[in-house]
Amino acid sequence: MKKLSILLVVVLLVSSMSMTVFAQDGGWLDNLLGDNEREDDGVIKVGFLLKTMQEERYKTDRDAFIEKAEELGADEVIFDAANNDENEQLSKFENMLTQGADVIVLQPVNTGTASNMVRKAHDSGVAVVNYDSLIMNSDVDLFLTQDSWAVGELQGEAMVEWFKENRGEVKGNVVLLRGQPGDSNANAFSQGVLDTVAEYEGLELVVDQSHEGWSPDLAMETTENALTRYDNEIDAVVANNSGMASGAVRALEAQGMADTDKVFVAGSDADLINMRYIAQGKQTIDIFKKVKPLAYEAARAAVALAKNPDRPIDEIVDITRYVDNGQVEVPTVVTEIVVVNQDNIMDTVVADGYHEATDIFSEE
């Protein structure tokens, strides 16, 4: 029995090695289908499925992706969004498979369960380009993201500088507003903030709260509760995205505390309302993720994969790094992020055409 077990292990190891060699030698489509075949209708069709259109930045993602994909030769772009509902997203994803998408670019609602969609796509010979939030424990084909790991680091650095300038020391109470519970991006965004708090003994993380659907209203409620519990002794509020930061600002406004001299507030996404808050001195910084470059890169990758099913992915796309998602080292393309503050609004979001100056500095 022991000899049989050893033999079985050897057979499995040899099989695994053979599969690895095959995966390296074949095109991405052959790697998915093996000996099976998928009929080629000669049409380049790509899907783009976002988790939501709740934040205004996603209009830019959508428009930039479609523009670039069509420019690069996509015959059809199938676009949809899922209202932050993972069951709705699964249904829309399956619909894209039914419509014959060659490649689907997917921003998952739930990064922990989206591996099911990757499996469904691969069974149909369809590649999945993972957009913005890393799908965990899957063999997703490619990951496109802004530098998520740097978001919290930049927020933390700005927070430390604010304490030095406004308090004379790095000491005070910090509120961390996280996005969707368990979301890989929310965790990545938060880590830099957690590291900053751990580095400075004077900083105390008094609230660390996740929010379903990245809800601005829930973030406002969390901030209100923190202000009540700590008798308005809150010095910094750091949010994973702009929407939740705007919720925090609304809570601070109600207490006459929406003032960057009184409370440090940071967000991430550079939504218009947040740019107005920064211009008005109500919010300190926001992280501008330069959405268009991310959408453009995703469109380039999707169309290139659809056009080149007989080539390995790392020959088609320029890979920045490989990221461990718990199952594989996912080939990853990373795009730039920058800090926006009151001094550089014109040089960042306005210069990039993301917002118009007249909209930011409007009296309304």
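All figures in this text were calculated on a predicted structure; none of them were measured in a lab.
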D286 and Y277 side chains, donor-acceptor separation under 3.5 Å = no
Side-chain contact test, heavy atoms from C-beta onward, threshold under 4.5 Å: evaluate it for P331 versus V317 and give yes or no.
-> no
Verdict with supporting geometry, T332 and T320, side chain to side chain contact (heavy atoms under 4.5 Å, CB included) = CA-CA 6 Å; T332 301; T320 305; 5.7 Å; no
Can K45 and D102 be said to form a salt bridge (charged side-chain N to carboxylate O under 4.0 Å, His left out), step by step?
-> CA-CA 6 Å; K45 187 181 297 187; D102 300 298; over 6 Å; no
Under 3.5 Å, side chain of T111 to main-chain N/O of M136, donor-acceptor pair present?
-> no
Answer yes or no for R57 and W214: cation-pi contact, defined as NZ/CZ to six-membered ring centre under 6.0 Å and angle to ring axis within 45°.
-> no
Is it true that K282 and E253 make a salt bridge, defined as a side-chain N closer than 4.0 Å to a carboxylate O?
-> yes
Minimal non-hydrogen separation, N344 against T348, with atom names | O-OG1, 2.8 Å
Test item: Q155 side-chain N/O and G267 main-chain N/O as donor-acceptor pair under 3.5 Å | yes
For this output row, return yes or no: ring centroids of F163 and F264 closer than 6.0 angstrom.
-> no
Please say whether more than 12 non-hydrogen atoms of neighbouring residues, nucleotides or ligands are located less than 6.0 Å from CD in E356.
-> no
Step-by-step side chain to side chain contact (heavy atoms under 4.5 Å, CB included) determination, I345 to V350 = CA-CA 6 Å; I345 288 179; V350 174; 4.1 Å; yes
N/O donor-acceptor pair under 3.5 Å between T284 side chain and A266 backbone | no
Heavy-atom donor-acceptor pair, D271 side chain to N274 backbone, under 3.5 Å | no
Any side-chain donor paired with an acceptor under 3.5 Å for N240 and S190?
-> yes
Is a donor on one side and an acceptor on the other found under 3.5 Å between the side chain of Q54 and the backbone of G213?
-> yes
Residues, nucleotides or ligands: over 12 heavy atoms within 6.0 Å of R321 CZ | yes
Test ring-ring contact (aromatic ring centres under 6.0 Å, His included) applied to Y296 and F65, step by step = CA-CA 6 Å; Y296 288 160; F65 181 92; 9.7 Å; no
Test N325 against every option in N130, L134, N137 by the side-chain contact (heavy atoms from CB on, under 4.5 Å) rule and name the one that passes.
-> L134
When hydrophobic residues are tied together by side-chain contacts of less than 4.5 Å, even through go-betweens, does I104 share a cluster with V303?
-> no
Residues K292, D63: salt bridge by 4.0 Å N-O rule | no
Exercise: do Q146 and E336 side chains pair donor with acceptor under 3.5 Å | no
With distance as the sole test, does W28 use its side chain to make a donor-acceptor pair with the main-chain N or O of N308 at under 3.5 Å?
-> yes
Side chain N173, main chain D235, donor-acceptor under 3.5 Å | no
Determine whether the side chains of D141 and H122 contain a donor N or O and an acceptor N or O closer than 3.5 Å.
-> yes
Side chains of N185 and S148, donor plus acceptor under 3.5 Å = yes
May I ask you to decide if D269's main-chain N or O and S242's side chain share a donor-acceptor pair within less than 3.5 Å?
-> yes
Report, as yes or no, whether the 6.0 Å neighbourhood of atom CG on D324 holds more than 12 heavy atoms from other residues, nucleotides or ligands.
-> yes
Do the side-chain N and O atoms of T113 and E86 include a donor-acceptor pair separated by under 3.5 angstrom?
-> yes
According to a 4.5 Å side-chain heavy-atom criterion applied to Ile, Leu, Val, Met, Phe, Trp and Tyr, with indirect links allowed, do V238 and V338 form part of one hydrophobic cluster?
-> no
Begin with the C-alpha distance, continue with both residues' side-chain angles, and end with the deciding distance and a verdict on side chain to side chain contact (heavy atoms under 4.5 Å, CB included) for F361 and R276.
-> CA-CA 7 Å; F361 298 100; R276 287 176 175 169; over 6 Å; no
Determine yes or no for a side-chain-to-main-chain donor-acceptor pair under 3.5 angstrom, with H211 supplying the side chain and P181 the backbone.
-> no
Listed by chain and number, what are the side-chain hydrogen bond (donor to acceptor under 3.5 Å, both in side chains) partners of D195, not counting sequence neighbours?
-> Q191
Residues D132 and Q107: side-chain donor-acceptor under 3.5 angstrom = yes
More than 12 non-hydrogen atoms from neighbouring residues, nucleotides or ligands closer than 6.0 Å to CD on E329, yes or no?
-> yes
Report the C-alpha distance between Y322 and V330 in whole Å, list the side-chain angles of each, state the deciding distance to 0.1 Å, and finish with yes or no for side chain to side chain contact (heavy atoms under 4.5 Å, CB included).
-> CA-CA 5 Å; Y322 289 82; V330 184; over 6 Å; no
Could you tell me whether a side-chain N or O of D85 sits under 3.5 Å from a main-chain N or O of E88, the two making a donor and an acceptor?
-> yes
